[in-house]
Amino acid sequence: MNLPDYKEAKSRKEKTTEIEKYIYNSNYSNIGYGKKYFVKTYGCQMNEHDSENICAMLEEMGYTLVDNYMDADLVILNTCSIRENANNKAFGMLGRLKNLKETKKDLVVGLCGCMAQEEKVVDKIFSKYKWVNFVFGTHNLHRLPIILNEAFLKGKTEVEVFSKEGNIIEDMPVKRTSKYSAYVNIIYGCDKFCTYCIVPLTRGRQRSRTKEDIIKEINSLIKDGYKEITLLGQNVNAYGKDFDYHYDLANLLEDVAKTGIERIKFTTSHPWDFTDLMIDVIAKYDNIMPFIHLPVQSGSSRILKLMGRRYTREDYLTLFDKIKSKVKNVSISTDIIVGFPGEEEEDFLETMSLAEYCKFDHAFTFLFSKREGTAACRLPDITSISGKEDRLYRLNDIVNKYFLENNMKMIDKVCYVLVEGTNKKKGSLFGYNENNKLVNFMGSEDLIGKIVPIKITKAKTWNLDGEIYE
Ligand code: 5AD
Ligand code: SF4
């Protein structure tokens, strides 16, 4: 049994990262024979990609996927702990699983992901959810077959959570959700310690995959017919900072562009580490999509300082303008937190004026959520919840207005859409264009997986309608 420990999780002493290969163990290949599994994923793309590894490992063990948890013999919740409501959702699902377990005694339930790294969550599992069969963290995903086997042998809750990140595991099996667009991890963990954020505790120290391993994975995706890759990391701009030689995101993007893959996206960017060279590379290669998710978090330099973001409002705007002027047809999206402890009306008005200036193509707006173990958790917070909600509504009014305004500018223009599938309700096809905007249009299913020119005919706040441009 290994339990989470925040003190260890915060430590950044270790400097070198070893690379380890995933080894398939045929001893476990019959555990799931004739049994069905269901994986419920919460949170970010990193978690979605982890679930692709989880599914593949379970299938190696003989399990088959079902799309309703009620039909499963094994249910795994891959959780997120970025905000309190993410935790609440997972606990809600555990409640439903408890009911199911009353009628289905052999049901096996596991919990993994970021919540498993939280001390309090594991305490709660031991006190209130003793019937959960196993818990494993973000650093030992690759040990799922072993942990599951232990849970069967022991017959009581098996918990294996390492607070210290381990090696980078290469060659993990993966069952990708899409046949055309794939996630590729480039960096794990985060060392930024923004004061509101729990990620440095749940995902550990920043560790970059080598260029060779990344390019090898991308080349094999190209061979398998993939058109698009999304390079993933909590802070992709920090890529390579943990190497003892110079090789950063600008170098990597250039090498990835040269593989010839049709579309490259990357997320998430931190303004602090965004260099001019990175902008130049993004501008230079047509297969690097002109779409950048650049979280600002607040428009007030005073609040940014309290958040530990290490840039000012002016720094952000300078970077924003530089990207807009250098990268042709670029769209920029952002994340904004409203109601950070100590945020006054005048700070909030600075966020509003920044949103007015930037006219973001998309923005995720959040109410600040107190996360135990983070520095902001201890800051005095006097604004009422209703006061914060009022600010969130006002901000959403502005950002939504610009989503629509930007989309309207697309009318009559032609963009290229990677067709992902059919929208059953509308009977249309859908996909994302170069700027990561969702586009619906009528067409034959043969187009799924292809990049198709589409003329935009109608703009809405959240998506666009178009027709095939011949
Ligand atoms: N409260 C609210 N929002 C948060 N985020 C991260 N931590 C918190 C928190 N404690 C938001 C940030 C980040 C996004 C992924 O989630 O905006 O960019
Ligand atoms: Fe969290 Fe900041 Fe790291 Fe992003 S950069 S994961 S917000 S600590």
Side-chain angles (χ1 to χ4, degrees), residues 6 9-10 12 42-48 79-89 113-115 117-118 120 138 165 185-208 232-239 241-242 249 266-274 292-300 303-311 316 319 332-343 348 351 354-355 358 360 362-379 381 383 385 388-389 391-392 395-396 399:
Y6 273 172
K10 278 183 191 164
R12 290 295 185 266
Y42 300 89
C44 66
Q45 286 149 316
M46 198 73 92
N47 256 19
E48 282 175 29
T79 61
C80 165
S81 53
I82 196 94
R83 282 170 292 278
E84 186 69 39
N85 60 0
N87 286 49
N88 294 342
K89 274 189 211 159
C114 288
M115 272 171 69
Q117 300 290 143
E118 284 188 74
K120 269 225 161 138
T138 56
E165 60 291 319
N185 283 327
I186 63 166
I187 178 168
Y188 300 98
C190 181
D191 285 355
K192 289 286 182 273
F193 286 99
C194 300
T195 58
Y196 50 81
C197 186
I198 200 164
V199 167
L201 299 183
T202 60
R203 292 273 171 178
R205 187 171 53 88
Q206 111 197 343
R207 291 147 290 147
S208 306
L232 288 184
Q234 306 296 345
N235 170 10
V236 288
N237 303 68
Y239 175 79
K241 281 185 179 252
D242 51 318
L249 184 70
F266 52 94
T267 196
T268 289
S269 292
H270 192 307
W272 180 7
D273 293 316
F274 221 121
I292 297 174
H293 184 58
L294 193 67
V296 63
Q297 312 298 1
S298 169
S300 149
I303 296 298
L304 287 170
K305 192 155 190 224
L306 288 174
M307 288 176 162
R309 292 290 285 179
R310 316 231 192 153
Y311 55 83
Y316 184 89
L319 175 64
I332 300 183
S333 63
T334 201
D335 291 342
I336 300 173
I337 299 177
V338 169
F340 185 83
E343 183 189 80
F348 174 67
T351 299
L354 184 134
C358 293
F360 292 108
H362 192 73
F364 297 95
T365 57
F366 309 106
L367 277 183
F368 169 74
S369 170
K370 225 178 192 179
R371 308 310 290 127
E372 201 166 302
T374 63
C377 186
R378 296 188 295 272
L379 293 175
D381 190 4
T383 314
I385 278 285
K388 291 182 181 194
E389 280 172 351
R391 286 181 192 164
L392 188 66
L395 179 63
N396 283 344
V399 292

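For this chain, numbers begin at 1 and follow the sequence in order. In listed order, ligands and their atoms are each counted from 1.
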Output a table of donor-acceptor pairs, distance under 3.5 Å, between side-chain atoms of residues 79-88 and any protein atom two or more places apart or on a different chain; print 'none' if there are none.
unit_1 : atom_1 : unit_2 : atom_2 : d
Thr79  : OG1    : Cys112 : O      : 2.7
Thr79  : OG1    : Met115 : N      : 3.1
Glu84  : OE1    : Arg371 : NH1    : 3.0
Asn87  : OD1    : Arg371 : NH2    : 3.0
Asn87  : ND2    : Glu118 : OE2    : 3.0

Which atoms of ligand 1 have any heavy atom of Arg83 under 4.0 Å away? 1 (N), 2 (C), 3 (N), 4 (C), 5 (N), 11 (C), 16 (O)
Check the side chains of Gln117 and Tyr6 for a donor-acceptor pair under 3.5 angstrom, ignoring hydrogens and angles. no
When you compare the side chains of Ser333 and His293, does any donor N or O come within less than 3.5 Å of an acceptor on the partner? yes
Side-chain ion pair, Lys241 and Asp273, N-O less than 4.0 Å: yes
Give the residue, atom name and distance (to 0.1 Å) of the protein heavy atom nearest atom 7 (N) of ligand 1. Tyr196 CD1, 3.3 Å
Per the under 4.0 Å non-hydrogen criterion, ligand 2 touches Cys190, Lys192, Phe193, Cys194, Tyr196, Cys197, Val199, Pro200, Gln234, His270, Arg309
Measure up the His362 and Phe364 rings against each other and bin them: parallel (under 30°), tilted (30 to 60°), perpendicular (over 60°). perpendicular
Could you check if a side-chain atom of Ile337 sits within less than 4.5 angstrom of a side-chain atom of Ser298, using non-hydrogen atoms only? no
For Arg371, the ligand 1 atoms with a heavy-atom partner under 4.0 Å come out as 10 (N)
What part of Gln297 sits under 4.0 Å from ligand 1 if we count only heavy atoms: the side chain, the backbone, both or neither? side chain
Nearest protein heavy-atom contact for atom 15 (C) of ligand 1: which residue, which atom, what distance? Asp335 OD2, 3.8 Å
Mark up the atoms of ligand 1 that fall under 4.0 Å of a heavy atom belonging to Phe368, in ascending order. 1 (N), 2 (C)
For ligand 1, the portion of Phe366 having any non-hydrogen atom under 4.0 Å away: side chain
Out of curiosity, Leu294 CG to Asn237 CG, how far, rounded to the nearest 0.5 Å? 8.0 Å
Using a 4.0 Å heavy-atom threshold (strictly under), name the region of Ile337 that reaches ligand 1: side chain, backbone, both or neither. side chain
Taking NZ, NE, NH1 and NH2 as the nitrogens, is one of them in Arg391 or Glu343 under 4.0 Å from a carboxylate oxygen of the other? yes
In a check of side chain to side chain contact (heavy atoms under 4.5 Å, CB included) between Gln297 and each of Val338, Ile336, Asp335, Thr351, which one passes? Asp335
Should the ring pair Tyr316 and Tyr311 be called parallel, tilted or perpendicular, given that the plane angle runs from 0 to 90° and is split at 30 and 60? tilted
Which protein non-hydrogen atom lies closest to atom 9 (C) of ligand 1, naming both residue and atom, and how far is it? Ser369 O, 3.6 Å
Is it true that Lys370 and Asp381 make a salt bridge, defined as a side-chain N closer than 4.0 Å to a carboxylate O? no
Should Leu367 be listed as contacting ligand 1, given a heavy-atom distance under 4.0 Å as the test? yes
